[in-house]
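Accompanying notes for the structure given below.
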Amino acid sequence: MDESLVVYTRAKSICVALDNEVAAALCDMNIGTVRLHMGDHASAERCLVRASAVFSAAGEHVDHARSLRYRAAVKRELAELAEAEALLHEALRLVQGFDDAAELENDCKQDLALLLYLSTDFRGAIDELAVIRAEYVSLGVSAKADLCLQNIGAAYSSLGRYADAERALIESRNALEKSGVYSAAAVSDAHLSQLYLETGRLEDSESAFARARRTFESMGATDRIAMLDQNLAGLHMSRGDLDGAEEAFRRAAAVFAALDQKPRSALCRCNLGAVALLKSQFGRAAHIIGEALHELRSDPAHRRTVAWAERNRACAELLLGNKNRGLVHLGAARTLALELGTMLDVAKCDYIAALWDVSDTGDDRLREGIDLALPALQYLDAQRFQFSSAGTREAWSKTVALWTSNLFDWAHRLDDEALMAELIESATNSGTHVSDSPADLTVVSMDLASSGHDIDFGAKQLPTLDIGGRAGSLIAGAVLPMQPPPMLVMPDGRIALGAYFRAADSRYGKQARPSAVSVV
C-alpha cells in the first residue's frame with residue numbers, strides 16, 4: 001500500500017503539471033481508496049470529496065458515481081450508515097441509463113446490502129446478496145460474486161447458522177485465493193477465525209487467524225491487523241490466558257484511537273470489561289463496559305455489540321450483588337437479541353436469568369428456574385446437529401455441558417424422580433447418524449468487522465475429551481452427519497421433556513425432530 005501511494009502521488013503530480021484536472025482527480029480517488037484500506041479514514045475522505053467535486057463539475061457521471069461509492073465505504077467504516085446509504089443512492093441515480101455501468105450499479109447494490117448487515121438485518125442482507133451474486137455471475141465477474149458469498153457467510157455466522165457460514169466462507173476464501181485476490185481471501189479467514197472461536201474449535205481459529213494476519217501484515221493494513229488482534233484476544237480468553245487477552249485488546253484499542261476510530265475503540269473497551277469480569281474484577285468490569293455502552297447505544301450499527309455488552313454488564317452487576325440493576329441490563333440484552341433474531345443470545349440470557357434466580361433464592365424457585373433454563377439449554381444443544389463433523393459437534397457440546405449439569409442438580413434438589421428420569425434418557429439419546437450429505441443450503445461478503453467477546457455467567461473451562469489410539473484419530477476426523485434424536489415416549493406414556501420442547505419451540509423457533517420412539 002505504501003508503494004501504491006508513492007506511484008499514485010507521482011502520477012497526480014504529472015497530471016497537475018499537464019493541467020489535466022480530471023486525470024488528477026482519478027489519482028485522488030485511487031489515493032483515497034488506498035488510504036481507506038490503510039484505516040486512514042480522514043485522509044481518504046478528503047481525497048474522495050476533492051475528486052467528487054472535479055468529476056461533478058466536469059460532467060463525468062460514472063467516475064462521480066464511483067467516487068461516491070468509495071465515500072460511502074468510508075462512512076460505512078465509520079459506522080455512519082445513513083450517510084453511506086444516501087451516497088450510494090446518489091451514485092445509483094447517476095449511473096442509471098449507462099450501458100457500460102452495469103457492474104458499478106451492482107457494486108452499489110452490494111454495498112447497500114452490506115448496510116443491511118451492519119444495521120443487523122442479517123436475513124435481509126442474505127436475500128439481497130443472493131440476488132446480487134447471481135447478477136455478478138451473469139456479468140462474468142467471479143471475484144465479486146465470491147465477495148458476496150463471503151458476506152453471506154458472515155451474515156449466517158451472526159445468525160448462529162455456523163455450518164452454513166463455514167461452507168460459504170471456505171468456498172469464498174478458496175475462490176478468492178485462486179483468483180489472486182489475497183486481501184479479500186484474508187477477510188474470509190478473519191471471519192472463519194471468529195466462527196471457529198465461537199464454536200470451540202480453538203486450533204482451527206488460530207490457524208485461520210494466522211493466515212489472515214500474514215496477509216494483512218504484508219499489505220500494511222493497520223486497522224485490519226488491529227481487528228485481528230481482537231480475535232486473538234478472544235482466543236487467549238478461551239484458553240484462560242487473561243493477561244494475554246488484555247494486552248491484545250489494549251494493543252488494538254491503541255491503534256483504533258490513533259486512527260480516530262472511536263466506535264471500534266469502544267468495542268475494545270467492552271472486551272476489556274469482559275476480561276475484567278473473568279478476572280473477578282466485577283466493579284472494574286461494570287465501569288469499563290458502562291462507559292463503552294454509553295458511546296455505542298445511540299448507533300444502530302452497533303446493536304449486536306450492545307446486546308453482548310449489556311449481557312456482560314448484567315453479569316458484573318449480578319456478581320456485585322446489584323440484582324435489580326443486573327436484571328435490567330439482562331432484560332435489555334434479551335430484548336435487543338430478540339429484535340435482531342439472534343436466538344442463541346436470547347437463550348443464553350434466559351439461562352443466566354434462571355441461574356441467578358436459583359442462586360439468589362436457594363431451593364424456593366427451583367421449579368421456575370428449570371422452566372426457564374431447560375428450554376434454553378435444549379435449544380442451545382440442538383444447534384450441534386447443524387455440524388457434519390463429529391469433532392465440531394463435540395467442541396460445541398462442551399459449551400453447554402456445565403450448564404446441563406446444573407439442571408441435573410436442580411432436579412435432584414427438587415426430588416423430582418420423573419424429571420430426573422427424563423433428563424437421563426434424553427442425555428443418553430444423543431442423535432442418529434445418517435449417511436447422506438446435509439442438504440445444500442443457499443449460500444451467497446462482509447468487510448472485516450471483529451465482534452465483541454461475550455462472557456456467559458457461570459461458564460467454566462471444561463477438560464478436553466482424551467481418546468487415544470486409532471479410535472481417537474477416527475473420531476477426530478469423522479465427518480458423519482447426524483439427525484436430532486427422536487422424541488422419547490416414557491413408560492407412563494409421556495413424551496420425555498415434552499413440555500420443555502414445546503416451550504423451546506415457542507420461545508426460540510421450532511426445531512425439526514424425528515417421530516417418537518418408546519423407551520424400553
Side-chain angles (χ1 to χ4, degrees), residues 15 20-37 41-148 150-152 155 184 299-301 444-447 449:
C15 296
N20 189 334
E21 193 175 27
V22 171
L26 284 169
C27 293
D28 262 337
M29 183 168 68
N30 287 318
I31 290 169
T33 61
V34 175
R35 292 288 188 191
L36 169 63
H37 285 295
H41 298 144
S43 296
E45 189 164 31
R46 285 194 297 270
C47 290
L48 292 166
V49 167
R50 192 162 57 238
S52 284
V54 173
F55 295 142
S56 179
E60 297 286 344
H61 296 304
V62 174
D63 284 330
H64 186 200
R66 188 170 285 110
S67 69
L68 291 174
R69 180 191 171 224
Y70 295 146
R71 285 171 60 187
V74 175
K75 294 296 186 183
R76 188 178 71 222
E77 288 291 306
L78 296 171
E80 297 173 3
L81 303 189
E83 294 90 337
E85 184 178 8
L87 288 165
L88 287 169
H89 282 301
E90 176 63 14
L92 280 171
R93 186 189 66 79
L94 286 171
V95 297
Q96 283 179 349
F98 285 86
D99 293 336
D100 59 346
E103 184 179 337
L104 177 57
E105 184 177 351
N106 218 43
D107 293 342
C108 293
K109 290 178 179 177
Q110 180 183 202
D111 289 352
L112 284 168
L114 292 183
L115 296 183
L116 288 177
Y117 175 97
L118 291 172
S119 62
T120 62
D121 182 1
F122 304 122
R123 291 186 176 87
I126 290 169
D127 292 341
E128 289 293 319
L129 287 164
V131 174
I132 295 161
R133 184 186 184 216
E135 184 63 24
Y136 277 133
V137 170
S138 71
L139 292 170
V141 190
S142 59
K144 291 184 178 179
D146 296 330
L147 286 173
C148 282
Q150 179 193 88
N151 284 322
I152 286 186
D299 196 326
V444 217
S445 150
M446 188 69 246
D447 288 336

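Note that the numbering runs from 1 along the sequence shown for the chain. Given the structure is predicted, the values throughout are model-derived calculations rather than measurements.
Considering all non-hydrogen atoms of both residues, Ser138 and Glu135 come closest at OG-O, 2.6 Å. The two residues Ile132 and Asn106 make their nearest non-hydrogen contact at O-ND2, 3.2 Å. In plain terms, the two heavy atoms of Tyr117 and Ala125 that are nearest each other are N-CB, 3.7 Å. Ala184 and Gln150 make their closest contact through O-NE2, 2.7 Å (heavy atoms, listed as atom of the first residue, atom of the second, distance). Taking all atoms of both residues into account, the shortest heavy-atom contact from Cys15 to Cys27 is SG-SG, 4.2 Å. Contact detail for His41 and Val74: the closest heavy-atom pair is O-CG1, 3.8 Å.
Applying the side chain to side chain donor-acceptor pair (under 3.5 Å) test to Glu80 and every residue at least two apart in sequence or in another chain returns Lys75. Applying the side chain to side chain donor-acceptor pair (under 3.5 Å) criterion to Arg50, with sequence neighbours excluded, gives Asp28.
Partner of Glu128 under the side-chain contact (heavy atoms from CB on, under 4.5 Å) criterion, out of Leu116, Leu115, Leu114: Leu116 alone. Each of Asp107, Val95, Leu104 was checked for a side-chain contact (heavy atoms from CB on, under 4.5 Å) with Arg66, and the lone residue meeting it is Leu104.
Going from atom CD of Glu21 over to atom CD of Glu60 covers 11.0 Å, rounded to the nearest 0.5 Å. One finds the CD atom of Glu45 at 12.5 Å from the CD atom of Glu77 (value rounded to the nearest 0.5 Å). Ile31 CD1 to Leu48 CG: the interatomic distance, rounded to the nearest 0.5 Å, is 10.0 Å. The distance from the CG atom of Asp111 to the CG atom of Leu87 is 11.0 Å, given to the nearest 0.5 Å.
The closest donor-acceptor contact from the side chain of Ser52 to the backbone of Val49 lies at 3.5 Å or more, if one exists at all. Under the 3.5 Å distance criterion, the side-chain polar atoms of Thr33 are matched with a main-chain donor or acceptor of Asn30. Side-chain atoms of Glu105 never come within 3.5 Å of backbone atoms of Leu92 as a donor-acceptor pair (strictly under, hydrogens ignored).
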Salt bridge (Lys or Arg N to Asp or Glu O under 4.0 Å) evaluation trace for Lys144 with Glu103: CA-CA 10 Å; Lys144 291 184 178 179; Glu103 184 179 337; 2.7 Å; yes
Pair Leu68-Leu94, side-chain contact (heavy atoms from CB on, under 4.5 Å): steps then yes or no: CA-CA 10 Å; Leu68 291 174; Leu94 286 171; 3.6 Å; yes
Criterion side-chain contact (heavy atoms from CB on, under 4.5 Å) on Tyr136 and Cys148, from CA distance to verdict: CA-CA 9 Å; Tyr136 277 133; Cys148 282; 3.8 Å; yes
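Between Phe55 and Val22 there is a side-chain heavy-atom pair separated by less than 4.5 Å. In this structure the side chain of Leu88 reaches within 4.5 angstrom of the side chain of Arg69, judged on heavy atoms. In this structure, Glu85 and Leu81 have side chains that are not in contact, with every pair of non-hydrogen atoms separated by 4.5 Å or more. Within the 4.5 Å cutoff, side-chain heavy atoms of Leu26 are placed close to those of Asp63.
Listed by first then second residue, pairs satisfying salt bridge (Lys or Arg N to Asp or Glu O under 4.0 Å) with a partner in residues 118-127 number zero, not counting sequence neighbours.
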